[in-house]
Every structure is written in structure tokens, then in C-alpha cells.
Colleague: 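Please read through the structure below; I'll follow up with questions.
Note that this is a predicted model, so its numbers are computed, not measured.
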Amino acid sequence: MEKNKDEHQIIKLERVTDRQIVNQYLDKGWTLLEVIIQNDGDEHSSYLLGWDKANGEINEYENGIDYF
């Protein structure tokens with residue numbers, strides 16, 4: 001059974017702008033929390049990912065991260 005979004009205990013957040021890197025995060029067990037679309041003449045997307053405490057030790061992606 002899939003967890004209800006409210007049941008997640010997110011202990012770390014990452015904001016990523018590259019879709020390929022987002023997929024690598026997802027492959028490592030991260031949860032996609034939000035897609036942020038900014039339109040300031042050009043449309044830019046970023047993705048907010050979270051690490052759920054229930055997944056155990058944080059499985060980090062080390063290259064290409066846009067930190068807050």
C-alpha cells in the first residue's frame with residue numbers, strides 16, 4: 001500500500017533543475033514533492049525532492065545539485 005503524502009517524514013530536501021538528475025534521485029529512493037514552474041519570459045522548471053526518514057540512511061546524489 002502506498003503511503004499517504006501526509007505520512008512522509010521528510011528529513012532532507014533537494015532542489016534540482018535537471019530532469020535527468022531528478023530521475024537519478026528517484027531511482028535512489030527520493031520522493032518528488034513538487035514541480036516548480038517559473039515563467040519570466042522563458043519557462044524554467046525545478047523539482048523539489050525529499051528523503052523520507054523511513055528509507056533509512058540518506059542516499060545522496062553528489063553531482064549537479066542546486067542547493068537552496
Colleague: When you measure from the side chain of Trp30 to the backbone of Glu14, do you find a donor-acceptor pair of N or O atoms at a distance under 3.5 Å?
Modeller: no

Colleague: Show your working on side-chain contact (heavy atoms from CB on, under 4.5 Å) between Tyr25 and Val16 and close with a plain yes or no.
Modeller: CA-CA 9 Å; Tyr25 268 97; Val16 180; 3.5 Å; yes

Colleague: State the CG-OG1 distance between Leu26 and Thr31, to the nearest 0.5 angstrom.
Modeller: 8.0 Å

Colleague: Look only at the side chain of Asp18 and the backbone of Ile21, and say whether a donor-acceptor pair between them is shorter than 3.5 Å.
Modeller: yes

Colleague: Can you give me every donor-acceptor pair (side chain of residues 32-48, partner residue at least two apart or in another chain, under 3.5 Å) with its distance?
Modeller:
from: Asn39; atom 1: OD1; to: Gly41; atom 2: N; distance (Å): 3.3
from: Ser46; atom 1: OG; to: Arg15; atom 2: NE; distance (Å): 3.2
from: Ser46; atom 1: OG; to: Arg15; atom 2: NH2; distance (Å): 3.4

